[in-house]
Protein chains: 2
Amino acid sequence: MSAKAARIRLVQFEVLPGRPVENTARMLDDLHAARADGIDIVAFPEMAVPGYLLGDEWEHEAFLRECEACVDELCAATQGLIAVFGSVGIDWTRRNEDGRVRKYNALFVAEDGERIGPEGGLYSFVIKTLLPNYREFDDSRHFFDVRKLALEEGRTLQEMITPVHTSKLRLGCLLCEDAWDSDYGVSPLEHLAQAGAELFINISSSPFTAGKNHKRNRVFSAHARQLQRPLAYVNNVGIQNNGKTVFTYDGSSCIYDSYGGQLASPRVFAEDRLTVDVPLAARAAFGQPLPGRDTGIDNICDAILYGTREFLKLCGVRKVTVGVSGGIDSSVVAAIYAHLLPPTDLLLVNMPSRFNSTTTRDLARTLAENIGCLYVDVPIQESVELTQSQLDGLEIRTPDGSISESLQLSGFMLENVQARDRSSRVLAAVAAAFGGVFTCNANKSEATVGYSTLYGDLDGYLANLADLWKTEVYSLARHLNEDVFGREVIPQGSIDILPTAELSEAQSVAAGKGDPLIYPYHDKLFESWVEWWNRATPEENLAWYVEGTLAEKLGYDGDIQALFDSPRAFIDDLERWWGQYQGMGLAKRIQAPPVLAVKRRAFGFDHREAQMGVRYTRKYLAIKKDLLG
Amino acid sequence: MSAKAARIRLVQFEVLPGRPVENTARMLDDLHAARADGIDIVAFPEMAVPGYLLGDEWEHEAFLRECEACVDELCAATQGLIAVFGSVGIDWTRRNEDGRVRKYNALFVAEDGERIGPEGGLYSFVIKTLLPNYREFDDSRHFFDVRKLALEEGRTLQEMITPVHTSKLRLGCLLCEDAWDSDYGVSPLEHLAQAGAELFINISSSPFTAGKNHKRNRVFSAHARQLQRPLAYVNNVGIQNNGKTVFTYDGSSCIYDSYGGQLASPRVFAEDRLTVDVPLAARAAFGQPLPGRDTGIDNICDAILYGTREFLKLCGVRKVTVGVSGGIDSSVVAAIYAHLLPPTDLLLVNMPSRFNSTTTRDLARTLAENIGCLYVDVPIQESVELTQSQLDGLEIRTPDGSISESLQLSGFMLENVQARDRSSRVLAAVAAAFGGVFTCNANKSEATVGYSTLYGDLDGYLANLADLWKTEVYSLARHLNEDVFGREVIPQGSIDILPTAELSEAQSVAAGKGDPLIYPYHDKLFESWVEWWNRATPEENLAWYVEGTLAEKLGYDGDIQALFDSPRAFIDDLERWWGQYQGMGLAKRIQAPPVLAVKRRAFGFDHREAQMGVRYTRKYLAIKKDLLG
């Protein structure tokens, strides 16, 4: 290493959650390669050894001991270089506040086989200072806080947050959230800069969210400029989950210089090693201009393709069955799997009843032709009629015969019978016989208001579109055809046709009768309830409606007045969907498949919900009363 | 109020989560009644205004404003007395670390219409000091921490944790966890005692867990003795949930004197008002001896009956359908609903295939006779045969016909076809036509290892036995017959018969072939994985097996050697179920119905799990290798 520069390698690798031995083997290989390549500092992501989103796996002491042994092996393998990596830091002599062993979200630095802790520190590892507890993050559930430790030890934060002094330079070590300090009362960056850090390294395990890279570039490059030190950022790839919600990691590792430039890993959602000779002069420009905003459907498509492929791998599944109706959602799901699987491992199943039009049946068949995958028609009419004949009019009675009544299946009940027949009778058995799983094709608009049948179309091993509004599913369809396949895989007819469930005459495609949702408007309305950081409720929605600012607030392009011919009609619609969102929609989400998260608020563990019935504030009721007189 | 005593009323009421206006109306009534009754201090539970387990409802500013208005109304209604209650404390001028508005889990004291904050405090409310983040608790996700606030303000904890000085006495105010301080570095009780608190009031929202009352009596009465002040404890009743897991609240409000005695509310799982004249001399004995331990099946039964009734109310459901097989689980579920509903609102459905014996069919019918409720037989044989004829041998092919294969349904697949036919075809439609919901009868043993069919017997609106091991379901059955009904409602035959799914010839009751689980042993093994505070894994299990201490460690009465004739057989069994627990069992739990929690680790939000595949530590593999040579 020259006095003026450090050769740094950022190892963007696929961290396997809960598999420290496998992760460590990969990291040891990288240490050997880095030494051969003359690297000074090799950095791995946050929680590179154990993985990060592990549920309550942290409660297994056997797992903690395994992680500890892996850390020892990694530290021992640092002859001739400096390694920086994340793992769990354990203090067996103290307790967490839950009474279990004390754990920290920790960063380890080792050089020439020796661990180096922060200057004057309590431990031979760096502790994450800022513990996120929003969205999918649960850091305070498992990891002890530096501020509590400072109180316990009678030390100041300045004493607790210090650089790591290696033989070559003072490293300002940060764990993920530590550099996202705007809402915290503590800035680890400032403490480290004041204590003489020459280079910042931020190790992260930061899930992909549409638009997050753009925000990180703004925030992190501002840090590097203001503090006049380069900032290296290393993030993992792969997927991790918390049961109900599956997150992708895109990597996007990079180094920011102190002039607002950046050198980035060229690969996202893929393993990569970014090696940079970083000048250590107080200020040095070595980067490229920051890229522009990345919220487009192309990034979301990348995340969905990657997340779906990785989830198949995690489940050990090679064969996929998709129920296809000829509509947009199932066509997009089929196209996604067509991109990931050989056509002989993908089976599309069309399951018509007497309500399905030849239009949509032909579209389903055309989709299979476009893909060239396996296909079959399994009509459900006979089975639905058997159920109807067996249950409609069925007499139930007390054993002594004193009380009896006969059950009647309404039209609505028969719609649900069809949906359950398709998924729980046909698809579940066909997928098992085909040797794999079947998909849930629900989108976020449906998931929000429960516009789906439980044990019917809500079945499936993964809901990989369930973080996309219906309008975004259309964008994804066009993107898949135009940019991913470069040809019409999803039939244009499925994009053009009015969306409908085709479960009754009232939903007839031929008659132009579709879903009860006006997607361009309702998607924006639901977004205000679900995705906004400070979430809106009917109280705000109605106040804006009265003010005439609703369209503007929601970002809806159209004219609200044209959708609802009276305040009463507006309110009826608002309460209908709010009621569904808080009522049956939630009851269904609790039993829904895992959701692949791609935006900043996915259902499941990211967006925690309690069943509490449908609720309106007094303020809402007062505005409503004023309005309706 | 005399100088020597305070008349205290603890209001144990049903807090409705997410419904501040309704809760406040109840509390206002209680304030008026208390004034009429000459009460000095009336205390309500923690989060009495908003409710406690609300998911991410805290992100709705409209909800926060509503809570704030309710707090104002309550404080204004305290003429002539002192009120103590919990709600959210909001500081609109500061931010939480997630960037949203600053919120505290707060205790309000008001007297004569004025709020009284702690002496020298920053706010006119008391802030919860110890924020639990284990099990179902997520306090740090929503509420700001006193220790972080102390750092922000440059104050000591002694300055932050002070009594509330009312006109009559200094109140030592505690919120729930504040008095469970053994694993925290801070003791609010000690700070308050040092600052001259004359009486402790602990307001709680503490879910029922078998054995918790006994522990609380030990811990809280020790506090009162050691600190030589009485300690009043007020807890709510009702149910609250976090989507996947439903918790009951038993109340159990009481006052501990400083001689180890207690005056308790006589009613659990029911609203009550406990009024006590508490002597304020430094030490005074006014209580009764503490009751004994309460982990028996009677408390669990109370919690299940109460939680089930309250969940029906929450869902707005009056009619329930139960699929009954003649086996123990469905019989117990039916008996529970028989206790809660009139017989005309309860429908039992027996759904035989050709594998169901007359023995179990007769038991199902006898159960209905014993209850006297509605009953019907819906055979599934014809429908299962239709599915088999439609799918077995079904040809699937690419549209160009170049590739084709035919699907075969194995015996295992046909078992699942039957289970799905029963639940997703018959029960779902019958329950809808009957006008209500149908139940999930899964127990915790099945839920642990996924011994159930997804979209089959795992369907249902609530799994109210899913926190009980199979062996506990038997205890509950006996308790229901002997103590709840006082007669044989659950047929003795259902208790005596070998448990079996009856989905194939291999599970024939007549041939004495039952489930693959040896419940007395496996329940204890699974308990070590799921319920222990420091959870065991196969690494520990196998080490104990080798040591010969496994039975003792697990608390298993029998002889392990008698169950497994070789180490290989033991390991095969261990790995079979561990694999199911971490693999398909988890995949199924993600889509399972809400679980009613009654013990200290229920599946769902209480026991968070990530899908990561089946994992073993190196240590385990080494012990195994040693053992098998």
Side-chain angles (χ1 to χ4, degrees), chain A residues 17-18 21 53-56 59-62 66 95 97-99 133-134 140-141 147-148 151-152 183-185 241-243 344 347 368-369 374-376 383 386 391 396 398-399 403 407 409 413 417 420 424-425 428-429 432-433 455 459 534-535 537 539 590-591 608-612 615 617, chain B residues 17-18 53-56 59-62 66 95 97-99 133-134 140-141 147-148 151-152 183-185 241-243 344 347 368-369 374-376 383 386-387 391 396 398-399 403 407 409 413 417 420 424 428-429 432-433 455 459 534-535 537 539 590-591 608-612 615 617-618:
Chain A
V21 172
L53 297 180
L54 311 184
D56 290 340
E59 296 173 7
H60 287 141
E61 293 197 351
E66 179 128 304
R95 298 280 118 192
E97 296 186 337
D98 64 1
N133 291 297
Y134 50 83
S140 293
R141 183 173 175 89
R147 281 170 280 182
K148 291 178 181 173
L151 275 174
E152 194 175 280
D183 292 316
Y184 293 83
N241 69 86
N242 255 314
T344 47
L347 170 61
E369 284 164 5
L374 293 162
Y375 178 81
V376 71
S383 169
L386 171 62
L391 303 183
I396 60 177
T398 53
I403 300 166
L407 300 179
L409 292 188
M413 291 174 203
V417 166
R420 289 190 296 261
S424 289
R425 189 182 68 92
Y455 319 131
D459 285 0
N534 286 306
R535 286 153 61 206
T537 67
E539 177 183 317
I590 290 171
Q591 300 192 43
R608 303 181 192 176
E609 299 177 279
Q611 287 199 76
M612 303 186 288
R615 306 169 309 282
T617 60
Chain B
L53 297 180
L54 312 183
D56 289 341
E59 296 174 7
H60 287 141
E61 293 197 352
E66 179 128 305
R95 298 281 116 193
E97 295 186 338
D98 64 0
N133 291 296
Y134 51 82
S140 293
R141 183 173 176 90
R147 281 170 280 182
K148 290 178 181 172
L151 276 174
E152 194 176 278
D183 292 316
Y184 293 83
N241 70 85
N242 256 314
T344 48
L347 170 61
E369 285 165 4
L374 293 162
Y375 179 81
V376 70
S383 170
L386 170 62
T387 298
L391 303 183
I396 58 176
T398 53
I403 301 166
L407 300 180
L409 293 188
M413 291 173 202
V417 166
R420 289 189 296 261
S424 290
Y455 319 131
D459 286 0
N534 286 305
R535 285 152 61 206
T537 67
E539 178 183 316
I590 290 171
Q591 299 192 43
R608 303 182 191 173
E609 299 176 280
Q611 286 199 76
M612 303 187 287
R615 306 168 308 284
T617 60
R618 281 189 294 203

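Here the structure is a predicted model, which means the values were calculated and not measured. Below, chains carry the letters A, B, ... as their sequence lines are ordered, and counting in each starts from 1.
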Heavy-atom check, side chain of A/Y184 versus side chain of B/K148, under 4.5 Å: no
Engaged part of B/I590 at the chain A interface, taking heavy atoms whose separation is under 4.5 Å: both
A/R535 side chain vs B/D56 backbone, donor-acceptor pair below 3.5 Å: yes
Check: B/T387/A/R425 side-chain N/O donor and acceptor closer than 3.5 Å: yes
Top contributor to chain B interface from A/S383, A/G185, A/P17 [non-hydrogen pairs under 4.5 Å]: A/P17
Minimum side-chain heavy-atom gap A/L374-B/I403 below 4.5 Å: yes
Residue selection (most heavy-atom pairs with chain A, distance under 4.5 Å) from B/E369, B/E539, B/Q611: B/Q611
Part of A/L53 lying under 4.5 Å from any heavy atom of chain B: backbone
Top contributor to chain B interface from A/E61, A/E152, A/R95, A/R420 [non-hydrogen pairs under 4.5 Å]: A/R420
Selection from B/L409, B/N242, B/L54 maximising heavy-atom pairs under 4.5 Å formed with chain A: B/L54
Largest heavy-atom contact set with chain A, pairs under 4.5 Å, which of B/V376, B/L347, B/N241: B/N241
Reported OH-to-CD distance for the pair B/Y134 and A/E97, which is rounded to 0.5 angstrom: 10.0 Å
Residue part contacting chain B, namely of A/T537, when any heavy atom lies under 4.5 Å: side chain
Top contributor to chain B interface from A/G55, A/A610, A/A428 [non-hydrogen pairs under 4.5 Å]: A/A610
Nearest atoms (heavy-atom pairs only) where A/S424 meets A/Y455: OG-O, 2.7 Å
Heavy-atom pair count under 4.5 Å with chain B, highest-scoring of A/L386, A/V417, A/T344: A/L386
Contacting region of A/M612 [heavy-atom separation from chain B under 4.5 Å]: both
Chain B contact via A/L151 - which portion, at a heavy-atom distance below 4.5 Å: side chain
Interface moiety of B/E609 toward chain A, non-hydrogen atoms closer than 4.5 Å: backbone
Residues B/S140 and B/N133: side-chain donor-acceptor under 3.5 angstrom: yes
Side-chain heavy-atom pair B/L407, B/I396 within 4.5 angstrom cut-off: yes
Inter-residue atom distance A/D98.CG - A/E59.CD, 0.5 Å rounding: 7.0 Å
